[in-house]
Colleague: 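Here it is: the structure, laid out below.
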Amino acid sequence: MDNLRERIDSALRFTPDRIYPIISNLDFKPWFVRYGAFVYKRESFDENDKKIKSFHFVDLTCGEDRELFDHKHLAGLLKEKTGTEYDPTDLPLTPVRVTRLNAFVFSLPDQSRWLYDGKNLAKLIPALPMNAVIAPDGKKAVYEGDGDLYLVKLPSMETTRLTTDGTPDRGYGTRYEGASGVIADKLAGIKRPTGVLWSPDSTKFFTYLLDCSEVEEMTLIQSVPEGKKVVRPVVYTYKYALPGDEHVAQAHYLMYDLDEMQMKTIACPDTCLLGYSAPINIRGSMMGWSEEGNVAACYVMNRGCTQADVYIIDPKTAQARLLFSEKSDTFLFFDSHHSLNSGERDKDDPASRYFLLSEKLGKLFWLSERDGMFDIFDYDIETGACRKLTDSDCCVRQLLHLDDNKNLLYYSASGREKGVNIYQRYIYRVDLDSLEITLLSREKGDHNAYFPPEGTYFTASISAYDQPPTHKLFDITDGSCIGVLCSCDVTRLEARGFSYPIPFKAMAADGVTDIYGVMYLPKDFDPDKKYPVTEYCYGGNQTTRAPQTFAETLNNLGFTPCFSDMGFVTVITDGRGTPLRSKAFHDYGYNNMGDAAGLLDRAAAMEQLCQQYKFLDRERIGVWGHSGGGFATLHAMTEHPDLYKVGVSTGGNHAQEIYAAEWSERYMGKFDRELWEAQNAEYKVENLQGKLLLIHGELDDNVHPSSTLRVVDALIKADKDFDMLIMPNMHHTLRGHDYYVRKVLEYFAKNL
């Protein structure tokens, strides 16, 4: 196919939204519904290649794995009860509980709860506000409205207002407007869960008062609010603190006691928000309960993220006592580390918690890099005595499960085993008495594990960048495999000509440090040919980009399978300044944001690859990325113009001075205008030699469009040619839009 549009249409077959319908069982999540039993979603294909999603019930007490219910029958009953047509092959329900008689309790997206016994369907809880958070006992829920909290009794729906002094700018359980996607959610009518964390017995809940009243505002203009109809542009303002601003968002911790119907102040200082939407959010919580609920803990972080103070809370009195302080000369990362490793887990999953608290053992378990790697420490919650549980010989990734009867702690870690990928997770157990560490996973690949509360087994999805996942069940005592639950079927994807990545190791620019990445080869690869190269990059210090699992290979945000179909080689490298290695490796990026999380290392690796692989055309290398990757792309184009000939920079946070204070100040320290401006490629555009395309969403509330327009202004003043696309009504996330993907692919096809 010589026609460019036809080539691009072919490449678009490999966008994530077109890949997912033709593969099955890419993701796996168990819902633990009672002792020795869980529910999971299994996918298959019918004779017409339509994907079928069915819920399966595993009961280890009798060794069965079967479909949980008749999906067509339940879909029919749901239509009768709700008037809504449901596809039996894709029911949007979440399992809640399965009884011994196999009656099934589930929730729908509107949070209504239902009981299905195989014959009859009964509503247990009516629909609730989208942001309501249901208590563990299922008898009540709390939601936020206009800054105040409301209690709903279930199923009567009797509603009581719990607070009266909240406002949108100073509200209870609210979400910080400076968090990414707030404007997008407002326009879509989406409300995220209220910042509430229930006690195990449902008699209390933690929340917070989020004070943004003195935070300054940013403004966005929606030029085309109603499509072809000509109307005045709409202006949106939102709270957004910039580096060096006097005021940033602050949260004050609170606890509501339902027995006393009283809000109590947690006796500890306020915390900075640190770039998260809220201290209690859908993916994690800065507060936490013990399993019994008689002890709790929280931490507060200072501005700049150099000190976290951890407090033990007495829920009876709301008194808080300082247990210890975690400090760093550069930046603390434990909170982002948890978020990076928890993936799509709910905040109630132990693996997404920032700490584990055991009332029975009198211990708080904590991850810290104080000795150079992420290790596990335990603290006696009475005396504050600290003990190190791991050996600084790996990067501990997640606290997965605590067995406080047998004094065993289960966790994942990477980099401990010899001869395997240093970024992939393996499952371990540490004996809290002897400190003996036992490896429980022996297959090569990344292990994404889930442990039930009773801790008698665990599931793990085993995958690699070139290995579709297999989802298995394991014995917790010795890590032996009990059985395979399901596997990812990629036969239809491979039939399209999918190209798997290959790994490489290179030397960093310092000539000493090993760095790693992957290279995607084009379809119909011929080693005797010369191929154009695109490097997909990211310039943020909070994450890595080279895929380690098959899911990341398919959706690492760089559309690498599309580029392979177009005939490009794509390279992704993680250099110094990125996490999941050592603290020193990560600290390379501190006060060094202009290196864009390994720019020098990525350029060095590219030169080495061109020397090693003669099929790489050194004269046809392009670079691109989104957000922090857009920032990194402009740096690559202006600092290595001889290497990178074409660049596409999208949604780039080019000027850290007008990016989020809570993110930028973590990695750059206290605001210093001269130092910060030296990190911005905006002031280096006179070095630009190659072709450059800038893309930005007009309603980007994460990286304001002014960040790109500042670059445009600098390019004009430097008399440099460039191309630009502003996408009306688009937010920070652009990757789901075909036009965006097409323009990225097209730019490289025309110019490389």
Colleague: Check the surroundings of atom CD in E291: do more than 12 heavy atoms from other residues, nucleotides or ligands lie under 6.0 Å from it?
Modeller: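 No.
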Colleague: More than 12 heavy atoms of other residues, nucleotides or ligands under 6.0 Å from NZ of K191: yes or no?
Modeller: no
Colleague: Quick one: do L356 and L364 satisfy side chain to side chain contact (heavy atoms under 4.5 Å, CB included)? Show the steps, please.
Modeller: CA-CA 6 Å; L356 291 183; L364 182 143; over 6 Å; no
Colleague: Apply the test side chain to side chain donor-acceptor pair (under 3.5 Å) to residues H471 and T459: give CA-CA distance (whole Å), side-chain angles for both, the deciding distance (0.1 Å), then the verdict.
Modeller: CA-CA 7 Å; H471 313 292; T459 69; over 6 Å; no
Colleague: Between E43 and Y20, does a side chain to side chain donor-acceptor pair (under 3.5 Å) hold up when you go through it step by step?
Modeller: CA-CA 11 Å; E43 298 173 340; Y20 295 153; over 6 Å; no
Colleague: Classify the ring geometry between F498 and F550 as parallel (under 30°), tilted (30 to 60°) or perpendicular (over 60°).
Modeller: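 Judged by the thresholds at 30° and 60°, the geometry between F498 and F550 is perpendicular.
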Colleague: I'd like to know whether R192 forms a side chain to side chain contact (heavy atoms under 4.5 Å, CB included) with I190, so could you lay out the CA-CA distance, the side-chain angles of the two residues, the decisive distance to 0.1 Å, and finally the verdict.
Modeller: CA-CA 7 Å; R192 304 294 177 179; I190 295 172; 4.0 Å; yes
Colleague: Please confirm whether Y428 and Y411 have ring centers closer than 6.0 angstrom.
Modeller: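 Yes, they do, as the ring centres are separated by less than 6.0 Å.
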Colleague: Under the rule for side-chain hydrogen bond (donor to acceptor under 3.5 Å, both in side chains), what residues qualify as partners of N102, not counting sequence neighbours?
Modeller: R66
Colleague: Heavy atoms, side chains only, cut-off 4.5 Å: are Y426 and K444 in contact?
Modeller: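 A side-chain contact exists here, since the closest heavy-atom pair is under 4.5 Å.
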Colleague: Using 30° and 60° as the class limits, which term best fits the ring planes of Y740 and H626: parallel, tilted or perpendicular?
Modeller: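 Perpendicular: the ring planes of Y740 and H626 meet at over 60°.
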Colleague: Is K119 salt-bridged to D70, cutoff N-O under 4.0 Å?
Modeller: no
Colleague: Is the shortest distance from a Lys or Arg side-chain nitrogen in R429 or D478 to a carboxylate oxygen in the other one below 4.0 Å?
Modeller: no
Colleague: One thing to verify: whether R496 and D565 come together as a salt bridge, which I'm taking to mean a side-chain N less than 4.0 angstrom from a carboxylate O.
Modeller: no
Colleague: Establish, yes or no, whether a centroid distance under 6.0 Å links the rings of F458 and H401.
Modeller: no
Colleague: Report the C-alpha distance between F104 and V96 in whole Å, list the side-chain angles of each, state the deciding distance to 0.1 Å, and finish with yes or no for side chain to side chain contact (heavy atoms under 4.5 Å, CB included).
Modeller: CA-CA 8 Å; F104 173 50; V96 175; over 6 Å; no
Colleague: Do K472 and E443 meet the salt-bridge criterion of a basic N to acidic O distance under 4.0 Å?
Modeller: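 Looking at E443 and K472, the cut-off is met.
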Colleague: So, do F28 and Y40 have ring centers that fall under 6.0 Å from each other?
Modeller: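 Ring centres of Y40 and F28 closer than 6.0 Å.
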Colleague: Does K505 have more than 12 heavy atoms from other residues, nucleotides or ligands lying within 6.0 Å of its NZ?
Modeller: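 Open: at most 12 neighbouring heavy atoms sit under 6.0 Å from NZ of K505.
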Colleague: Just grab all the side-chain hydrogen bond (donor to acceptor under 3.5 Å, both in side chains) pairs involving residues 483-492, residues at least two apart or on different chains.
Modeller: D49-R492, D489-T491, D489-R492
Colleague: Parallel, tilted or perpendicular for F32 and F38, by the 30°/60° rule?
Modeller: perpendicular
